[in-house]
Amino acid sequence: MASVPNLAASFDPATSPDLVKRAELSEIDASTKVPALFFLGSAVLWLLVGTAFALISSFKLHTPNYFGDIEWLTFGRTRTAHLNAVIYGWSVNAAFAVAFWLMARLSRSVLRHSGLLMIAGAFWNIGVTIGIIGILTGDSTSIEWLEMPPYATPLLFVAYALIGAWALITFRFGKSGHIYVSQWYLLAALFWFPWLYSIAQIMLILEPARGTVQALVNWWFAHNVLGLWFTPIGLAAVYYFLPKVLGKPIHSYYLSILGFWSLALFYNWAGVHHLIGGPVPAWVLSAGIAASFMMAIPVIVTGINHHMTMVGSFSALKYSPTLRFIVFGAVSYTITSLIGSLMADRQVNEVVHFTHFTVAHAHQGMYAFFTMVMFGSIYYILPRILLKEWPSAMLISVHFWTVAVGITVYVVGLSIGGIKQGLEMNNADIPFLSTTAASVVTNTIPYLLSRSLSGVLMTIGHMAFAVNISWMLLRPRAPQATTPTLFQNPPEMEVAR
Amino acid sequence: MNRAPLIFLGIFFTLAFSWTGIILTNQLTYGKLEPIVDQTENKSYPEALPGLAAQGKLVYQDLGCIYCHSQQVRRPGFGADDKRGWGDRQSVARDYIREGRVLLGTMRTGPDLRNIGARQASRDWHMLHLYDPQITSKGSIMAPFPFLFETHKIVGQPSPKAIKLPAPYTAVPGYEVVPTPRAEALVAYLQSLKDSYAYPETRNVFVEPASAGKMEDKQ
């Protein structure tokens with residue numbers, strides 16, 4: 001049960017090592033409370049903002065005159081505001097919170113210098129706010145994934161520098177001698193991101209490279225943000241929560257190491273597959289395609305490791321909200337990564353490049369994998385730092401099913417629509433746009449409508465999530481020990497703490 | 001055993017590997033690509049954007065046109081860019097060296113625009129299309145940009161710049177719809193988009209034998 005730190009004082013440490021361990025964890029959790037709450041709260045607010053822009057953008061793509069005469073709500077801006085709000089607002093804030101919490105727990109040390117993190121958090125969120133307002137008012141750089149205007153990005157730099165410094169200190173003072181695989185991923189991610197971001201800022205904005213070297217820098221950055229920042233943090237969370245919730249060790253330590261190093265080696269070359277057929281040297285594209293195929297190794301290895309850990313425990317999915325979200329995310333990681341490798345094949349790419357298939361793929365990675373893992377992590381972390389249980393299992397259930405069905409409809413619909421769009425675009429006998437005959441553009445509209453439908457479902461899920469969190473924050477703490485909120489009570493299951 | 005330094009080195013070198021390969025190598029090999037001076041025409045190609053078009057490019061960026069329109073033509077035989085009339089030849093790296101910001105784009109919700117200036121040279125067409133795409137391209141899902149235009153009461157002579165709207169879109173009698181300077185700049189930019197010059201590297205490129213076919217689908 002969620003024990004309070006001073007509870008431990010009344011016990012003799014020597015007689016009850018388990019309780020001491022739990023008290024220690026509890027103390028560590030308590031030390032993360034303020035920064036974790038701040039980052040998670042910001043993340044959820046950005047999720048709602050990003051969702052609103054997503055819905056507007058989605059509607060506009062099949063009904064272009066919807067808000068058509070309002071300049072700041074034109075498609076090119078709402079779509080960009082959506083991306084930046086969900087990436088730099090929701091995903092990065094959530095990633096920071098989960099990373100801090102995991103770092104503190106895994107290095108067995110209370111979170112020090114949380115003031116540093118709070119300052120970083122303030123800088124980050126002010127930076128993102130200014131950046132998104134800049135995009136909406138027409139200052140977008142029009143560089144994909146780096147649209148925030150140059151007056152917003154220095155704030156993000158300051159924030160990141162503080163967080164990097166903090167991470168080093170925490171890792172340095174860690175008590176645990178063994179470095180668990182989640183820590184490998186976290187360390188790598190915290191190191192890789194500033195490198196990627198600063199190179200991209202320098203070579204694209206401050207001192208732009210000439211010609212299509214810019215495109216190489218752009219996609220080296222944009223793809224690596226997914227693969228070397230969000231993916232490692234998502235995987236760190238999966239590697240932590242899967243065994244933790246199930247109460248058993250990860251299947252294979254060696255597979256997890258192999259998965260880590262093969263990801264580190266291959267992923268960072270893969271990004272240039274976004275430029276296949278484009279005006280850049282063919283050898284770079286070939287290298288990128290080869291690396292994309294090699295990504296099958298870390299993906300399959302990690303998939304096997306996670307699957308073998310789950311084997312025999314699938315029934316736990318009936319009870320644990322955390323597990324359900326995490327497993328959905330882990331399975332999506334395997335599927336979306338393998339699809340990604342296939343998309344890099346030149347002949348497949350000839351069809352799916354420039355189509356909605358890519359949009360579906362991006363959402364499968366960032367939502368079906370990363371966001372679902374973050375949801376699962378938040379369901380685990382919040383009760384432990386607030387020392388309160390989730391108020392409503394029903395709302396968690398609504399959240400899970402709306403977003404799970406929503407993202408599935410989204411990915412399946414747009415993938416089919418995208419393949420159709422690509423095949424038709426490559427057949428010049430089919431007009432690009434026509435109202436009298438079947439045309440490339442008009443044939444995508446049913447799939448764009450299915451996307452809006454899935455968007456509505458996911459919006460309902462996000463509202464349920466936000467209501468549950470607000471309710472949890474506002475309700476008073478129960479005076480005595482409580483039981484965790486599960487979908488249903490397991491007959492004989494020990495809930496891992 | 002503390003393996004943190006070893007892990008850190010690995011983390012460092014993996015990213016350094018791709019940074020060297022993808023960024024540094026290419027910056028060194030073609031990051032200083034020069035324009036070609038054509039002795040017969042006494043001009044260098046690619047040409048710089050005229051001033052108004054350069055301003056128009058900023059409007060293109062601020063409205064986010066890139067999210068639906070690419071600016072890169074794939075080679076004949078890879079996709080159908082040539083057959084759709086999106087370009088007579090593939091785009092090459094040299095086409096972009098005068099551009100402060102390269103807007104290749106990765107999405108074709110709408111058609112590629114690398115040669116839109118050659119396909120649609122008419123200012124009037126672009127103005128009507130931007131005001132409301134339904135006027136020129138019925139069924140289009142492109143966003144309208146009415147905020148790039150102003151509706152004025154006609155005082156004295158009608159403005160020569162006013163756009164000629166067809167039947168259901170006409171302004172109230174006594175009023176006219178005039179493009180703002182941003183609309184003029186954007187249209188100048190779109191009209192300027194054409195890669196027609198044949199560089200050494202664009203001659204003798206592979207052309208699929210069967211590609212000698214349809215060219216009528218010029219949108």
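Computed over heavy atoms, backbone and side chain alike; hydrogens, waters and symmetry mates excluded. Everything numeric here is computed off the predicted structure, so don't read it as measured data. Chain A is the first sequence line, chain B the second, and so forth, proteins listed ahead of strands; every chain is numbered from 1.
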Please find the pair of heavy atoms, one from [X] and one from [Y], that lie closest to each other, and give the distance.
| X | Y | value |
| --- | --- | --- |
| A:Val441 | B:Gly139 | CG1-O, 4.4 Å |
| A:Val213 | B:Asn26 | CG2-O, 4.1 Å |
| B:Leu104 | A:Pro279 | CD2-CG, 3.9 Å |
| A:Leu228 | B:Leu15 | CD1-CD1, 3.6 Å |
| A:Gly68 | B:Pro146 | O-CD, 3.7 Å |
| A:Gly278 | B:Gln72 | CA-OE1, 3.2 Å |

Between A:Arg77 and B:Asp62, is there a salt bridge with N-O shorter than 4.0 Å?
->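 Salt bridge present between B:Asp62 and A:Arg77.
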
List for me each residue that meets side chain to side chain donor-acceptor pair (under 3.5 Å) alongside A:Gln214, sequence neighbours excluded, and say none if there are none.
-> none

With sequence neighbours left out, what residues match A:Ser57 under side chain to side chain donor-acceptor pair (under 3.5 Å)?
->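 Counting only residues at least two positions away or on another chain, A:Ser57 forms a side chain to side chain donor-acceptor pair (under 3.5 Å) with A:Thr78.
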
Side chains of B:Tyr67 and A:Ser142: is there a donor and an acceptor less than 3.5 Å apart?
-> no

Is there a side-chain contact between A:Leu187 and B:Phe8 (heavy atoms, below 4.5 Å)?
->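 No, side chains not in contact.
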
Given side chains that start at C-beta, do those of A:Thr358 and B:Met107 come closer than 4.5 Å, heavy atoms only?
-> no

Ring center gap for B:Trp86 and A:Phe432 short of 6.0 angstrom =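 Yes; A:Phe432 has its ring centre under 6.0 Å from that of B:Trp86.
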
Backbone of B:Trp19 reached by a side-chain donor or acceptor of A:Trp195 within 3.5 Å |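 The answer is no, because no donor-acceptor pair under 3.5 Å joins these two groups.
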
Yes or no on side-chain contact (heavy atoms from CB on, under 4.5 Å) for B:Gln61 and A:Asp139, after CA distance, side-chain angles and deciding distance?
-> CA-CA 8 Å; B:Gln61 283 171 215; A:Asp139 286 338; over 6 Å; no

